[in-house]
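Worksheet for the structure shown next.
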Amino acid sequence: MTAATALEHLDVLIVGAGLSGIGAAVHLQTALPGKSYAVLEARETSGGTWDLFRYPGIRSDSDMYTLGYSFRPWPGAKAIADGPSILDYIRDTARDHGIDERIRYNAKVVSASWSSDTARWTVTLESGTQLTCGFLFMCSGYYRYDEGYTPEFPGIEDFAGQVVHPQHWPEDLDYAGKKVVVIGSGATAVTLVPAMAETADHVTMLQRTPTYIASRPSADVIADRLRKHLPAKTAYAIVRWKNVLLTMLMYQLSKRRPELIKGLVRKGLEKQLPAGYDIATHFTPPYNPWDQRFCLVPEGDLFKAIREERAAVVTGHIEAFTEKGIRLVGGEELPADVVVTATGLNMLLLGGVQLTVDGHVITPSETVGYRGMMFSGVPNLAMSVGYTNASWTLKCDLICGYVVRLLARMDALGVDIAVPRWTGGDLPDIPFMDLQSGYVLRAQAQFPKQGHAVPWRMHQNYVLDRRLLRGGAEVFEGLELSRSAGASPTSAAGARSAVDGAGAARSA
């Protein structure tokens, strides 16, 4: 290939301009300012999830002191924030750090091919454009943006009303004064029901199985007090750790003493729901806390809507849609003008990008995950995926810090290839994600496996991960580092600069 036709090359390509992709770019340019990079975004706007979802009441399901970036204090008054405020936070971060100038929109990555001879990924976009990079950092989330999950409902074509999925909310949907049925019981459903109940005639949440739901204040009183007396970054760090430890305590108690947590949840429900309400049927799941995600409702807004009879919960199985609503097994019919199918996501690993390594197609499910971010046998690639039992960004921040330290170490050693090597024999059978939620179970065949021990095992534990991902040379055990034929040794000065620069990421 001549110089005139050579593909554009960058040191790092970040795929995705959402919460994790913007964070990755800040970590990279802060710790390693000499690295060339770009952010490839499939859509025409940034923000990822927080731009895509536009349904009424959309909000975080984690507190913003842990969902926010480690390097940028959350400025809002509410700890459980609305979607537009989170979107502003992401875009403000991108603008303030100059990341917005590095984003290339309508740049959907469809494939990436690795060559060990050149130590480069050749990345192909949907448009046909190609470019190369030395390291590919996938920050594209874990679900399909083009379609949500909707089960097959018998008779849905007979329904005279409107059926909507929250992932593709029509801007002109008018549900004021209408009867609405929301199918589902997860975070989206419990958000939609009270929001729509403000103007709808009535909203029914139709669920097959209850979910653990608890009320929490929308504001953090301790955070408000600290911010009055301490610098913003100091107050933010204290509250962040407070919330991390409380979340970990809740999770550990859920796993070790599930009956205790069940009892506490029930007491909270008894205070929030009308006297004599059938909690056993509608709010008592058949599984233990945190076998699936735990839902939080700020200020008990869902329970308030139920108390005021603007909303109701029905637990049962759908037999079929009818012209005027939904008929349940057993014969009960729920009248509806609008049905919202809050039935979940379609998970999609790596945004559906097809990987090949030296001509061999990579099937992720035939690999083992390395430290929850890389794949055995796949060089110079990492993905940013958050926790299932805590805020997404906590883990993503740690992953970003690890990646920039890995890049710095590679520079310091004069190597340009880093590949996890699984030496444990047969492929293990431990799922990559340990939740029993439907969207996870449907997608397990897409994901890599886990091993039984570090570095092939994930722990869903922020404190432990900080130690495992932020240490010295031992955190790179299991990685095979080598030089390609065309690699050039890093100078001693460059090596020292790279190592020093990587230290900036330790605040993650």
Side-chain angles (χ1 to χ4, degrees), residues 1 5-18 20-21 24-25 28 35-43 48 102-146 347-385 396 399-400 402-404 406-407 410 415-421 432 446-448 479-480 482 484 486-487:
M1 182 176 290
T5 59
L7 300 179
E8 178 186 8
H9 177 77
L10 297 120
D11 294 323
V12 181
L13 279 176
I14 297 169
V15 180
S20 54
L28 177 64
K35 294 288 186 185
S36 61
Y37 78 94
V39 181
L40 304 180
E41 170 54 49
R43 302 170 69 241
R102 305 292 193 106
I103 302 173
R104 303 182 187 185
Y105 294 104
N106 297 308
K108 179 178 175 59
V109 178
V110 294
S111 65
S113 177
W114 170 262
S115 168
S116 294
D117 290 338
T118 61
R120 290 186 175 187
W121 286 101
T122 299
V123 176
T124 303
L125 308 185
E126 191 173 54
S127 63
T129 301
Q130 290 187 316
L131 58 166
T132 65
C133 65
F135 197 96
L136 187 57
F137 198 2
M138 303 298 299
C139 301
S140 50
Y142 63 88
Y143 66 90
R144 289 186 62 164
Y145 274 46
D146 60 335
M347 297 189 77
L348 186 66
L349 185 67
L350 301 176
V353 174
Q354 177 63 68
L355 302 178
T356 59
V357 173
D358 295 328
H360 299 286
V361 174
I362 297 299
T363 302
S365 61
E366 296 175 0
T367 68
V368 184
Y370 175 82
R371 298 196 182 277
M373 71 181 85
M374 300 179 77
F375 303 84
S376 60
V378 180
N380 293 29
L381 179 145
M383 65 175 180
S384 187
V385 177
C396 291
I399 288 174
C400 291
Y402 183 92
V403 167
V404 298
L406 171 60
L407 292 172
M410 292 169 68
V415 302
D416 55 358
I417 299 176
V419 55
R421 292 296 186 194
F432 189 74
Q446 295 183 36
F447 283 76
L479 283 178
E480 179 183 283
S482 61
S484 66

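Just so you know, residue 1 is the first one in the sequence shown, and it goes up from there.
Judged by distance alone, with hydrogens and angles left aside, the side-chain atoms of Glu126 form no donor-acceptor pair with the main-chain N or O of Lys108 at under 3.5 Å. A donor-acceptor pair under 3.5 Å is absent between the side-chain atoms of Trp121 and the main chain of Leu355, judged by distance alone. Of the possible donor and acceptor atoms, none in the side chain of Asn380 sits under 3.5 Å from a partner among the backbone N and O of Arg120. At least one donor-acceptor pair under 3.5 Å links the side chain of Glu41 to the backbone N or O of Ala17.
The two residues Gln446 and Pro364 come nearest to each other via the heavy atoms O-CB, 3.5 Å. Here the closest heavy-atom approach between residue Val123 and residue Cys133 is recorded as CG2-SG, 4.3 Å. Among all heavy-atom pairs drawn from Pro379 and Ile417, the shortest one is CB-CG2, 4.1 Å. Closest approach of Cys139 to Ile14, counting heavy atoms only: SG-CG2, 4.0 Å. Residues Thr132 and Leu7 come closest through the heavy atom pair CG2-CD1, 3.9 Å. Taking each heavy atom of Val39 and Gly16 in turn, the nearest pair found is CG1-O, 3.4 Å.
The number of heavy atoms from other shown groups lying within 6.0 Å of CD (Gln130) is above 12.
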| said: Under the criterion side-chain contact (heavy atoms from CB on, under 4.5 Å), I'd like the reasoning laid out for Leu406 against Met374: C-alpha separation, chi angles, the key distance, then a yes or no. | reply: CA-CA 12 Å; Leu406 171 60; Met374 300 179 77; 4.3 Å; yes

| query | After noting the C-alpha distance and the side-chain angles of Tyr145 and Ser140, does the key distance pass the side-chain contact (heavy atoms from CB on, under 4.5 Å) rule? | reply | CA-CA 10 Å; Tyr145 274 46; Ser140 50; over 6 Å; no

| query | What's the verdict on side-chain contact (heavy atoms from CB on, under 4.5 Å) for Arg104 and Leu131, showing C-alpha distance, side-chain angles and the deciding distance? | reply | CA-CA 12 Å; Arg104 303 182 187 185; Leu131 58 166; 3.9 Å; yes

| task | Please assess Phe375 against Leu349 for the test side-chain contact (heavy atoms from CB on, under 4.5 Å), listing each intermediate value before the final yes or no. | result | CA-CA 12 Å; Phe375 303 84; Leu349 185 67; 4.1 Å; yes

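Between Tyr142 and Met383, every side-chain heavy-atom pair lies at or beyond the 4.5 Å cut-off.
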